[in-house]
Amino acid sequence: MGTILMGSCQTGSRQRSGEEKDFCYSVEKFADLEILRYRVPGFEELSLQQKKLVYYLSQAAIEGRDILFDQHGKHNLTIRRTLEAIYQSYAGDTAAADYKQLVVYLKRVWFSSGIHHHYATDKFLPDFSQEYFTAAVKSLDPSLLPLRDGQTADELLAAIVPVMFDPAVDAKRVNQADGQDLIATSANNFYSGVTQKEAENFYEKLKEPNNPTPVSYGLNSRLVKKDGKIVEEVWKVGGLYAAAIEKIVYWLEKAASVAENDGQKKVIETLIRFYQTGNLKDFDEYSILWTADTSRVDFINGFIETYGDPLGFKGTWEALVNFKNLEATKRTEIISGNAQWFEDNSPVDKRFKKETVTGVSAKVITAAILGGDCYPATPIGINLPNANWIRTLHGSKSVTIENITDAYDKAAQGNGFAQEFYWSQNEVELMNSYGFTTSNMHTDLHECLGHASGKLMPGVGQGALKAYGGTIEEARADLFGLYYIADAKMVELGLLPNDTAYKAEYNKFMTNGLLTQLVRIAPGNNLEEPHMRNRQLIAKWVLEKGAADAVVELKKRDGKTYAVINDYGQLRTLFGQLLAEIQRIRSEGDYSAAKSIVEAYGVKVDADLHSEVLARYQKLDIAPYKGFVNPAYDVVTDKAGEITDVKVRYNEGYAEQMLRYSKDHSWIN
Ligand code: ZN
């Protein structure tokens, strides 16, 4: 559920006439990252009240930034602040190679909200020496360093140097490797002093198998062992992260005062209550109200996704403020309006289908600010809430963030990707003509229909598939989209222009799943991230099952490998067959089938193919991961201090923005 991320290099090169030529989408590149900028079209046309609402919510979206850093690892904030102190005050040679590498490292720490890669979750190591770092820290006035209670610079260094420089310390943020203690081997800050077994037992005991509306156990707390007793330390006002949460609440209260209507006011007030009580029943109540709220301006703010916890309990803090793109939403309304038809006609076994698909509300939105786990790397689609029973009884809200996909698309124009990785000019032209449309359409189908489809058999719990649950769930949603994007219904409903457009998405998906997504991982590594595992699982499965008829082939030319689709119709049939099986696994909670299909198709990487793809990609000089700087919002006030307007500004640099957030919105010690 949750989020769909931009796959690697999903957009090919595309020459389009130069609209908005003066707007620069690319800000800067470093390491494997490119920073982009996105526009907020339509903001000026919002009413003053809506602009104020966006502004207050955007402040609330930034205030929780430190929470995510700390959730990702207990040393992250100290490391970030130490690096920032050097960046801002170092008197040594800033032209030296070590200094330049330190700046790159700091930019990466900002990007990942910590010292682990935001996507791969393994620790990235500094390209400057430990000696250099130690000397730089000691050269600073100690008052500039993040020293705790009488700590000296040496003690600070003793605490963070091994964490930064020793490859063996905190090597992974989220370890999913089967057979290891996933808590002991994960560097995140969700558990302290407990083993995986103890944590699993703790939550097993809380389970109420007969309760049809269980809370999301463990979502908003750290699990710790204290004096031999295991307890939850809750993230709330008066609890852990209180300093940041109080600021969030402060801005949410202001937002509530300018809510668009009473329903939305209640949504915000209920979220405030949840932050105050930490009671997960309040969170469910909030989620239900939020799902029903259809106001123009909307937001996410809280502990939402559990991808960062190998056990899938703990929610990382995230925020997004947005408003509905009225024109583009007509498209998703057509999809949701036909949700029951899609459910009824899917190739899934009848027992696993929803008799009544409840309120799949889907819209296209314009992001106004990204925060927490949505910043700077952001999803392009979101489907919430995550609690299964709420989705069944109250429906869910599904969004496609089109000003973000638009920025990706614009930034990728002319980058040479399609020419390099597609077999023939045919595929390149399909991509140029339909790629943007079909990519958005697949996201819509994934979010509006895929995640919302199907049902669990009685007695099957949300977590039945354990560490494989995320991959299976994403595969389900992707397959639903892949199956239906080729359906005649798409053209009939006016969602796609003709019956060949979908082929652009098929080419992209197979090329990405078999080849190009590999650019996101280091040589020698296997796939870990659920979305990546899911894409390879699907692509390899259909490659194998269709091998006898050469439905899809890995063809070689001049030492380069291509994923070539020979029979699009049969490929669709295979997607349908796999969808039926994946839905069965999910509905029945068949853990051993989930494990065997994910391990067989979704994990292992062919080393030769991997290095070939890396070499081809490197020549193109495209950053495999992208993130965004936010626009800045300036308020205009009258003499009495009343806000009379809010202006959006696009001129803030990456480091400039990160330093501003660290200076003005940093509350956790
Ligand atoms: Zn998804």
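What you see is a predicted model; the values in this text were computed from it and never measured. FYI, side chains are in, hydrogens and waters are out, and symmetry mates aren't considered; it's all heavy atoms of this structure. Just follow the structure's listing: the first ligand is 1, and inside any ligand the first atom is 1.
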Rounded to 10 degrees, what angle sits at the Zn ion (ligand 1) between H446 NE2 and E474 OE1?
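Between NE2 of H446 and OE1 of E474, at the Zn ion (ligand 1), the angle is about 90°.
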
Should R331 and E402 count as an ion pair when the cut-off is N to O under 4.0 Å?
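Salt bridge between R331 and E402, a charged N being under 4.0 Å from a carboxylate O: yes.
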
Ring geometry between W235 and F303 (parallel below 30°, tilted from 30 to 60°, perpendicular above 60°)
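The arrangement is tilted - the two ring planes meet at 30° to 60°.
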
Give me the one residue out of N383, N386, T291 that meets side-chain hydrogen bond (donor to acceptor under 3.5 Å, both in side chains) with R391.
N383

Name all residues meeting the salt bridge (Lys or Arg N to Asp or Glu O under 4.0 Å) criterion together with K489; count only those two or more places apart in sequence or in a different chain, and write none if there are none.
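Expected list: E492.
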
State the atom name: nearest N, O or S atom of H451 to the Zn ion (ligand 1).
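Of all N, O or S atoms in H451, the Zn ion (ligand 1) lies closest to NE2.
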
Just checking: H531, one of its N/O/S atoms, less than 2.8 Å away from the Zn ion (ligand 1), yes or no?
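No - counting backbone and side chain alike, H531 has no N, O or S atom under 2.8 Å.
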
